[in-house]
Amino acid sequence: MSEWLENAISRGQKIDDWLNPKRSRALELLSTTKWPTRKTEAWRYTPLRAIQSTKATQLEVVSELTPLAIADLSAIELVFKNGKLDKSALSDTLPTGLTVSLGSELAAQQQLQAIADFSEVKPDRHLFGLVNDALAQDVVIVNVEAGVKVEQPLRISSLLSQGAESHTRVQVSLGEGAELAVIEDVQAEGETLNTAFVEYFVSPKAHLEHYRFALQTGTNVSVGGCHFNMLDHSTMHSTIVAFGSDLSRLDTDIIHSGEFVDAKLNAIYLLDNNELFDLHATVEHAMPNGTTEENVRCIVGGRAKAVFNGRIHIHRDAQKTLAELNNRNLLVSKTAEINTKPELEIYADDVRCAHGATSAEVDKQALYYLQTRGINRAQANVILNFGFINELIDLMPNKVLAEWIRPIIRARFSAMKVN
Amino acid sequence: MTVQVEIDEALGREYEAGFISDIESETFEPGLDESVITRISKMKNEPEWMLEWRLGAFREWLKMEEPDWALVDYPKIDFQAISYYSAPKSMKDKPKSLDEVDPELLRTYEKLGIPLIEQQMLAGIAVDAVFDSVSVVTTFREKLQEAGVIFCPISEAIVEYPELVKKYLGSVVGRKDNYYSALNCAVFTDGSFVYIPKGTRCPMELSTYFRINEQNTGQFERTLIIADEGSHVSYLEGCTAPQRDENQLHAAVVELIALDNAEIKYSTVQNWYPGDENGKGGIYNFVTKRGICHTKAKISWTQVETGSAVTWKYPSCILKGDDSVGEFYSVALTRGRQQADTGTKMIHLGKNTKSTIITKGISAGRSNNSYRGLVKMAATADGARNFTECDSLLIGDKCGAHTFPYIESRNPSAIVEHEATTSKVSDEQMFLCRQRGLDPEKAVSMIVNGFCKEVFKELPMEFAVEASKLLEISLEGSVG
Amino acid sequence: MSDNKSLLTIKDVYASIEEKQIIKGFNLDIKPGEVHAIMGPNGAGKSTMGYVLSGREGYEVNSGTITFNGKDLLEMEIEERAAAGLFLAFQYPVEIPGVSNLEFLKASVDAIREANGEEPITSSELLKQAKEACKQVDLPLAFLKRGVNEGFSGGEKKRNELMQMLLLKPKLCILDETDSGLDIDALQMVAAGVNSQRSPERSFIVVTHYQRLLDYIKPDFVHVLADGKIVKSGDASLALELESQGYAWLETHKDEDNIEG
């Protein structure tokens, strides 16, 4: 076991609060967990050196940072500063039907429910999910009542100042037929470490629109997860936009626990310098008649390393499933690296499943076409590369967010070292 | 009767090669240590360096752990309960001609459809027949020698052509490569050796037929094929074993070396005993096959896998030379409780190297069938290309079909394309076939054959027919 | 024969793709303002000539010379040829998802303006021109926001090509089977677009398999291309002759034509 993990466990053991039942379970699981190496399949391409050497620690000081401004966005703000919820940032008047509370402050009965839900969606196999179980200081509980359509998106920002370590935990429940958009983002300054896990409980016929922006770069270490439990006829549309950092890893689990669930996940990542980003996206089709569509596109330059693992698991009972995964990668530098592994594991016969993965340069025909219109090769390359990403930005349901992120991605791409 | 029941019935057909030959054998006591390895080496009259090589591998093997990443599940193998050498007594004093070979041995091969008597032999195919731990006979050797082609048991090659063996044995699959290959290096008993001289097109197809007969023995064969510059060879491999309730281990290593401009085509029809419907018995087929391509060379693997209880096999190509080509065509059919985890690795090192992977997995019964593959584009592989297509067909709702492709690219000018799909034999297809008068078995076998066509067309003619028939037999009783 | 006033002079060009000889001694001279039709059977090399002129990768000129506007065309990059005023309207324009038509047009117009020492176009001016061009080729304005050719029908792709031509104002337009797959209304519309662009400074090469298009775009010259070279040239009446006789006569006249050179 690593020194870092031992230290985390011993810190977890010192905490004594309402989450004890789940924490002790996590600690027990952690005590028998082997520290991942190259031979650990889930970490095959993602070394954990950065986490072992980080100097980030849990700080008492509150971060001075403020959430990144998103022009024209009017959101309900949920702000974590160095791991603690900043209650002052939360609006006093929330839309009817939406409640936001801290697990520690709930009435006993509700607290029992919160404990029962805790780690129900997030699978135990995520090592740092267990770390988060053990070290999360509290749980933010978001609840949307049945039939309520919340107009404003809920934004969960995690702000970390230099040297900070943070373990944030959120549980979001959508009642039957409810609708909510959630934006998760991180802002980190210098050497920081955060594990941010959010569990979503989506009731029948509810609709979740989800965004996770992992735009932190540099010496930040982030390991987090988004886990979605989907019931009958519920729908979700998730967009992930990521740059890399010393270590940036995200695990998503979409679980079709009900029938006729429709799930879409689009992920974009643009990596440069020495950055690493690793997305492990798992879809569990446990029930029949579900559909899943995933599009993952990445551009890797500099000496960066992109890792993708896209697993679609069709259980025995999940007949009439439609599942598709498309993963396209562009390498733009001779020192960059792409590692991708789309997986299908299928135990039902009446299903339509497919995945495709490519790693290539831009389409030569398209390049020629642009050149015949007078655009030089280098610029044509930039246009085509950006177009490749832009397609997914166009699919973002929230146009305010799309117009905010588009120039950010464009600027990052323009600054990328292409050779 | 539902179509599913019909398919199930069609798949239940018996294993035709399941008979046991009554042959008196000399078999080592079960167990494995350095003295067993020394005895094997002595039996084969090997030079000292070969024994040292084996012992080195054994010591490495002791330090290694059995791999557990494949999607297969079987009880832990007790390596001390296996006998590592078994040979018909009649083979002790090497028979000098076919007349001296035990007629029961010849009958065994005849029953398997491989007549070894020259008059009856398939014209144009030279056969090396390996029975348990020894090569019984190698046909057409003189004719091949005229062309300068060496085709003989590897045990003989170690004695007769030590320089070639020393240079190439273990050069593609190193002794420490993996758990089973290390074991093979330590205890291999026989297999085939092929050398095709510069610029020579081998005048006939070469083939090796592996038969496990004796109980409680493992078969550890070793094949080494060297195609010198500008040469060409097509090699076929077939395998069967009797129907027994115990599992038997088959851990082979095959190494191919294609020097500049050479071409090796390696085809396998693997029909080891798969165990019964309930998963009792059957062969554990843990095989390491790998080839290296030098400049402009080509290696093409084609496999039809219908047998074995558990298959763990990834015929691979190291595309070292510029403009070299690697191909992998595979049909894997699993039924009953069979488990197959098979695929390939294409390691692109040279410039403008090309690889193609086409796989067809068919799962029926309660079986699990996985494709596992790696396509690696090294930083040096400018302009390299890979195209991969993995299709799975599920017959029934109790089986599994899985795809695990790994893609690693470090070169911006390299292109990798991977596609995978899953489908079933649809009711509409079945209805159409039956409306046109085909019974369900015929209909399924026709649809499955169509599904596999892309791979079958890569097989040499005789094998293509055999493979198609084998598929039909294996499919009998599996209709839905 | 060519003189100083020629816009394009192709002299005895041999060209190949992957070592297969496709163009075998091609000669053509085009003066400003002229419309040349190139006709011929499938496989004659009609499209190849467009690719050779635009400089497509893999199309190798083995011998011969091509002069465009006084410069050696073969020495120029693809985009330099475009900047010099050469425009190829593709038979099968490629789809570029994610790159909007408008963004693409701006990049293209600016690149060509820059090459000619002009300032970039303002976005509003470009939008104005693009809207006009769309109107002229009857392409809904919404297409400006869509990905280049993405999900366009065959006819829409052809109109999109024409729309680009209107904006880029080239000196030489090569229309590669722009009529293929179009119904009669679309054909007339395409022809009207081309005709509106005819001027003493602008020349056209109209590559087509059928005479039909030439009912609407009147050529000054018609050339018959067979087996990689021009085997017969004439005025507009040659097209009608081809229409009535088909291309079969080329076979019977082959030797004769060869003798004539």
Side-chain angles (χ1 to χ4, degrees), chain A residues 239 241 266-270 293 295-299 326-330 332 356 358 360-396 399 402-403 405-407 409-414, chain C residues 50-51 53-59 76-90 92-116 118 145-151 157 160-161 163-165 167-170 173-174 176:
Chain A
T239 307
V241 181
N266 293 325
I268 298 167
Y269 37 122
L270 277 153
E293 191 188 319
N295 282 294
V296 178
R297 297 203 177 165
C298 99
I299 300 182
N326 189 293
N327 169 227
R328 290 169 60 185
N329 303 283
L330 286 175
V332 296
T358 59
E361 283 184 295
V362 295
D363 180 5
K364 287 226 161 62
Q365 258 196 319
L367 198 63
Y368 165 61
Y369 188 79
L370 260 59
Q371 284 179 283
T372 66
R373 299 301 181 252
I375 302 165
N376 69 42
R377 204 182 169 91
Q379 200 198 346
N381 253 316
V382 171
I383 290 175
L384 291 173
N385 280 326
F386 186 70
F388 170 79
I389 293 293
N390 208 18
E391 257 186 293
L392 295 187
I393 301 176
D394 283 342
L395 292 175
M396 285 169 65
K399 297 303 161 202
E403 294 322 314
I405 198 76
R406 204 189 306 272
I409 291 178
R410 190 190 291 272
R412 178 157 180 93
F413 186 72
S414 305
Chain C
Y51 294 146
L53 289 172
S54 65
R56 183 168 196 165
E57 212 174 297
Y59 289 74
M76 297 157 80
E77 294 295 330
I78 305 170
E79 63 272 18
E80 289 170 352
R81 299 179 196 204
L86 188 144
F87 181 91
L88 172 64
F90 287 81
Y92 303 109
V94 68
E95 297 192 10
I96 314 178
V99 177
S100 84
N101 234 341
L102 202 60
E103 178 188 0
F104 167 60
L105 284 169
K106 173 102 166 75
S108 174
V109 170
D110 281 350
I112 290 174
R113 288 171 75 115
E114 194 192 330
N116 295 315
E118 296 169 46
K145 288 201 158 180
R146 284 171 58 175
V148 178
N149 293 319
E150 190 188 0
K157 283 183 183 168
N160 200 30
E161 292 291 286
M163 193 261 286
Q164 293 170 28
M165 183 186 90
L167 276 177
L168 298 179
K169 303 182 181 68
C173 309
I174 305 160
D176 187 5

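Predicted model only: the values in this text are computed from it and were never measured. A, B, ... follow the sequence lines: proteins, then strands. Residue 1 opens every chain.
- Between chain A and the residues C/Ile78, C/Val148, C/Val99, the largest count of heavy-atom pairs under 4.5 Å involves C/Ile78.
- Looking at C/Pro170, there are no atoms closer than 4.5 Å to chain A (heavy atoms on both sides), in backbone or side chain.
- If you measure heavy-atom distances from C/Glu114 to chain A, you find no contacts under 4.5 Å at all.
- For A/Leu367, no part sits under 4.5 Å from any heavy atom of chain C, backbone or side chain.
- Taking CD1 from A/Ile375 and CD from C/Glu79, the interatomic distance works out to 9.5 Å, rounded to the nearest 0.5 Å.
- Distance check: A/Leu370 CG to C/Phe104 CZ gives 5.0 Å after rounding to the nearest 0.5 Å.
- Interatomic distance, C/Leu53 CG to A/Thr372 OG1, rounded to the nearest 0.5 Å: 12.5 Å.
- The nearest pair of heavy atoms linking C/Gly55 to A/Tyr368 is C-CE1, 4.5 Å.
- Annotation: the span from C/Glu103 atom CD to A/Ile383 atom CD1 amounts to 6.5 Å, rounded to 0.5 Å.
- C/Asp110 does not touch chain A: none of its heavy atoms, backbone or side chain, sits under 4.5 Å away.
- In this structure, OG on C/Ser100 lies 7.5 Å from CG on A/Asn390, to the nearest 0.5 angstrom.
- Contact count against chain A (heavy-atom pairs under 4.5 Å) is highest for C/Ala107 among C/Ala107, C/Ala115, C/Gly147.
- Of all the listed residues (A/Arg373, A/Glu391, A/Gln371, A/Arg377), the one sharing the greatest number of non-hydrogen pairs under 4.5 Å with chain C is A/Arg373.
- No cation-pi contact links C/Arg56 to A/Tyr369, judged by a cut-off of 6.0 Å to the six-membered ring centre and 45° from its axis.
- With C/Ser108 contributing its side chain and A/Gly374 its backbone, the two residues share no donor-acceptor pair below 3.5 Å.
- The contact between C/Leu168 and chain A is made entirely by side chain atoms (from C-beta outward), counting heavy-atom distances below 4.5 Å.
- Heavy atoms of C/Leu105 lying under 4.5 Å from chain A are absent altogether.
- Atom CD of A/Gln365 and atom OH of C/Tyr92 lie 12.0 Å apart (nearest 0.5 Å).
- For C/Glu80, no part lies near chain A; criterion is any non-hydrogen pair under 4.5 Å.
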